[in-house]
Amino acid sequence: MKGTLYLIPNTLGDGDEAALAAVLPVPVRERAGTLASYIGENAKTTRAFLKRIGTTRPIQEIEIHELNVNTPPAAIDRLLAPLHAGIDTGLVSEAGVPAVADPGALLVRRAHERGIRVVPLVGPSSILLALMASGLNGQSFAFHGYLPVDAAERAKRLRDLEQQSRKAKQTQIFIETPYRNRALLDTLLATCAPSTLICVAADLTLPTETIVSRAASDWKKGPVPDLHKRPAIFLLLAI
């Protein structure tokens with residue numbers, strides 16, 4: 001009998017026990033703490049996560065394999081070996097839910113192809129939390145990951161997304177490397193029409209959480225939150 005692949009949510013940042021309890025339900029932590037096999041982006045941070053939630057066995061006895069952007073597709077089947085041997089395994093992301101804006105998606109797809117049961121567990125998704133809190137269209141939306149680093153290409157991409165949003169009445173969602181947050185926001189304000197709604201949600205679920213949703217014209221009037229090196233989600237809706 002094959003094992004089950006559990007998709008284990010992670011917190012969106014460091015926090016105390018109260019913060020952990022607020023975003024990861026007890027049944028999720030209990031299930032995660034029983035697993036003898038894990039797949040994560042980084043073995044060290046996966047062990048740190050397991051230490052935080054508590055485990056029923058010594059952490060050094062838990063088998064941890066890495067899956068990240070450097071993992072070749074050919075290695076995916078090897079990562080599924082414990083599941084084929086009947087061992088329940090957890091897939092954990094560095095932050096938030098696995099397989100969403102995360103390299104674990106290919107593993108989940110291959111698990112389905114191999115007839116392995118996949119069970120998603122409840123936890124925080126920064127993308128959905130930002131959309132919920134934005135006031136933008138939650139009926140139709142699209143996530144685009146990272147935008148181009150080059151300033152001209154980034155501006156062109158934003159113009160395309162704004163046009164797509166206006167045509168489809170669709171919220172466009174994207175992210176940026178934290179130290180480039182302000183550059184992205186500046187490009188948004190320089191590119192978007194005055195009436196386009198822009199939301200920036202930073203440090204979601206953390207004590208420093210900031211969520212601001214305004215028309216581009218109002219963003220230009222300020223104040224603008226300090227976004228430097230803070231994990232953030234950006235959303236726009238052209239109206």
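Remember, it's a predicted structure, so these values are computed and weren't measured experimentally.
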Visitor: List in chain and number order the residues that pass salt bridge (Lys or Arg N to Asp or Glu O under 4.0 Å) with Arg110, two or more places apart in sequence or in another chain; answer none if no residue qualifies.
Guide: Asp77, Glu113
Visitor: Which pairs count as salt bridge (Lys or Arg N to Asp or Glu O under 4.0 Å) when at least one residue sits in residues 133-157, sequence neighbours excluded?
Guide: Lys156-Asp160
Visitor: Test your reading of the model: is there a side-chain donor-acceptor pair from Glu162 to the backbone of Ala193, 3.5 Å cut-off?
Guide: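 At least one qualifying donor-acceptor pair exists.
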Visitor: Can you list every pair that meets salt bridge (Lys or Arg N to Asp or Glu O under 4.0 Å) and has a residue in residues 203-215, with sequence neighbours left out?
Guide: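 Those involving residues 203-215 are Asp203-Arg230.
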Visitor: Taking Ala183's backbone N and O only, do any of them form a donor-acceptor pair with Thr187's side chain (distance below 3.5 Å, no angle check)?
Guide: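 Yes, Thr187 side chain to Ala183 backbone: donor-acceptor pair under 3.5 Å.
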Visitor: What pairs with Glu30 under side chain to side chain donor-acceptor pair (under 3.5 Å), at least two apart in sequence or on another chain?
Guide: none
Visitor: Between atom CZ of Phe143 and atom CG of Leu235, what is the distance when rounded to the nearest 0.5 Å?
Guide: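 Reported value, rounded in 0.5 Å steps: 10.0 Å.
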Visitor: So, applying side chain to side chain contact (heavy atoms under 4.5 Å, CB included) with Val23, which one of Leu206, Thr205, Val28 is it?
Guide: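 So the option named by the test is Thr205.
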Visitor: Let me check something: any side-chain donor-acceptor pairs from residues 118-137 under 3.5 Å, sequence neighbours excluded? List them with distances.
Guide:
residue	atom	partner	partner atom	Å
Ser125	OG	Leu128	N	3.4
Ser134	OG	Leu131	O	2.9
Ser134	OG	Leu136	N	3.0
Asn137	OD1	Gln139	N	2.8
Asn137	ND2	Lys169	O	2.6

Visitor: Sort out for me which residue in Thr55, Leu35, Val92 forms a side chain to side chain contact (heavy atoms under 4.5 Å, CB included) with Leu50.
Guide: Thr55
Visitor: Below 30° counts as parallel, above 60° as perpendicular, anything between as tilted: where do the rings of Tyr38 and Phe49 land?
Guide: perpendicular
Visitor: Restricting to side chain to side chain donor-acceptor pair (under 3.5 Å), what partner residues turn up for Thr191, sequence neighbours left out?
Guide: none
